[in-house]
Number of protein chains: 2
Amino acid sequence: MSLRLSLLGMLSSHSMTGYDLKKMADNTIAKFREAQTSQVYRELNYMEDIGWLTSVIEIQTEKPNKRIYSITPTGREAYLEWLKESPLDEEKLNVSVFLMKTFFAGDRSVKENLDIFKQFKQACQRKLAEIEASFRELAEFQIKLPEHQAHAPYWQLTSNFEIAFYNMCIEWADKCVKAIEIQGAK
Amino acid sequence: MSLRLSLLGMLSSHSMTGYDLKKMADNTIAKFREAQTSQVYRELNYMEDIGWLTSVIEIQTEKPNKRIYSITPTGREAYLEWLKESPLDEEKLNVSVFLMKTFFAGDRSVKENLDIFKQFKQACQRKLAEIEASFRELAEFQIKLPEHQAHAPYWQLTSNFEIAFYNMCIEWADKCVKAIEIQGAK
DNA sequence: TGGGTCATGTAACCTGTTACATGATTAG
DNA sequence: CTAATCATGTAACAGGTTACATGACCCA
C-alpha cells in the first residue's frame, strides 16, 4: 500500500517509466521500503486499472521502447489524501510509513507539516506511556512463569530499546518542527 | 519466518496450545511482530508437517478440547541455529528481527550474547557510514532534479532520522553489553 | 569478451491480514 | 443478560519476495 502511494508520489512531480521509478526508489525511500522491479510493474498496472495513472509508449530505435506513466487528477487526489492523513488517522503509529510521507512532505503546506509533526510527537509520548504499562504486564508474566528467570534480563533489554526508540523519535520530531519553522519563515 | 521461529522459541520452554501462544505473543513480542490467530495456527500446522513440532489432543469435558504442541529435537536444533545467527549472517541488518532474538537471548550463552551485541554495534556503525555515502547520492539526485527544491529540506529530515536511529542503536548496544557483563559476573 | 545500463515483464511463492464460523462456561 | 474467556480453525485476499526470461548497445 505505502509502496503504491510512494510510486504515485514520485509520479506526481514527473512522468516516468517503471525503470526510472525503481532507480529513484533505490536512491530515496529504499531505507524505509524496498521496491522490487516486479512489484513496481505490478503496482503500475494496478494503478492504471483503477485510473490513477495513464501510460504512453515511446518508441525508441537504439534502445528498448519505454512506457511512460503519468498521474491522473484522480491519482493526484488519492496521493494528496494519503499525504494529509496524520499519524493518528492511520490505525496505528507506523514510523516507517511516517518517514515515507516525510519524504514527500514538500507536497504539504508548511502549516500542515507543523501540525503533523506535533501530532507525531504526541503519539510517541503516548506510546511511551503504553510501554510503561506493558512493562508491568511483562513483570506479571514473569511472576507467573518463574522458570523464565534466565530470560528476564533480556526482556528488559527489549523494553529499554523501545523506550530509547520513542525518546529518540520525540527529540527528532522537535528538531523537525524547529527546522520547518525556520524554513517557513523564509 | 521470524514469527515462525518465535513461536518455536516459546514452545522450546513449554508445551502449549495455539491459543496460549497467541496470548503469550500478545504479551511479549507484539511490539516487534504481531501474531494473528490464523497465522499462529497455520505456522503450527506447517511446523508439525516438517517435523519441528508434535501435537497431542487433550480431551476436556467442561471446556473445548485442546491440542498441545511440543517441540521436537529437530525443532530445537532449528531454533538454536536461528538464535545463533548473528546480525551479520542475515542478509541485512533487520533491527526488529534482532530484537525478537534478544527476547530469546536467554537461550544463548552469555559469551555468545556479548559477541552478538558487539557485532550488532559494529553493523550499526557501518550503517552510519553508508548513510553518509547515500547522503551524497541524494545530494547529486537533488542537483539533477532542481525542481525538487521544495522537497529537499524534508529529505534532509529523513536522513536525520536514520542517523539518530543508528546512533541510538549504538548507545543501546553499549548498555546491553554492560548489562550482560554484570549479569555474567554473578 | 564480459559486465553494466536500458527496459520490459511473468509466475510462483511466502507471509501477513481480514473476515467468518462455532459453541460452551463463567463472572459481573 | 451480556461480555469475556477458552479453544479451534478456514477462506480469501493483499502485499512483498525470488527466480526467471529477453535482448540490444556500449565501454573497458
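Residue numbering restarts at 1 for every chain, and letters A, B, ... go by the order of the sequence lines.
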Check your understanding: Do Q156(B) and N160(B) get their side chains close enough for a donor-acceptor pair, meaning under 3.5 Å?
Key -> yes
Point to revise | Side-chain touch F161(B)/C176(A), heavy atoms, less than 4.5 angstrom | key: no
Point to revise | Q39(B) CD to dA19(C) P, straight-line distance once rounded to whole Å | key: 16 Å
Practice item. Write down the distance between CG (L5(B)) and P (dC14(C)), rounded to a whole number of angstrom. Key: 16 Å
Exercise for review: Nearest whole angstrom, please: distance from the C1' of dT17(D) to the NZ of K22(A).
Suggested key: 11 Å
Check your understanding: Closer than 4.0 Å, any side-chain N/O of Q36(B) to the OP1 or OP2 of dT17(C)?
Key -> yes
Review point. Taking OP1 and OP2 of dA11(D), is either one under 4.0 Å from a side-chain nitrogen or oxygen of S38(B)?
Key: no
Check your understanding: Can a side chain N or O of Y41(A) be found less than 4.0 Å away from OP1 or OP2 on dG9(C)?
Key -> no
Review point. Are any non-hydrogen side-chain atoms of I170(A) and L128(A) less than 4.5 angstrom apart?
Key: yes
Exercise for review: Identify which nucleotide among dA7(C), dG15(D), dT8(D) has an atom closest to any side-chain atom of T17(A), counting heavy atoms from C-beta outward.
Suggested key: dA7(C)
**Study point:** Rounded distance (Å) that lies between atom P of dT8(C) and atom CE of M16(A)
**Key:** 12 Å
Study note, to complete from the structure: Per atom distances to the Y69(B) side chain, the nearest of dC6(D), dG9(D), dT8(C) is dG9(D)
Review point. Just wondering, do F117(A) and F98(A) contact through their side chains at under 4.5 Å, heavy atoms?
Key: yes
Revision key, fill the gap. The residue, R42(A) or R67(A), whose nearest nucleotide of DNA chain C is more 5′ is R67(A)
Revision key, fill the gap. Ranking N45(B) and D20(B) by the position along DNA chain D of their nearest nucleotide, the one closer to 5' is D20(B)
Practice item. Using atom OH of Y46(B) as one end and atom C1' of dG16(C) as the other, report the distance to the nearest whole Å. Key: 16 Å
Revision key, fill the gap. Whole-Å distance, Y19(B) OH to dC6(D) P, equals 4 Å
Revision key, fill the gap. Separation of dT17(D) atom C1' from E34(A) atom CD, nearest Å, is 10 Å
Review point. So which one's nearest nucleotide on DNA chain D is more toward 5', T37(A) or R4(A)?
Key: R4(A)
Exercise for review: Can you tell me the distance, in whole Å, between the CG atom of L21(A) and the P atom of dT8(C)?
Suggested key: 9 Å
Review point. Taking atom types as modelled, is there a side-chain donor on S6(B) or R33(B) under 3.5 Å from an acceptor on the other?
Key: no
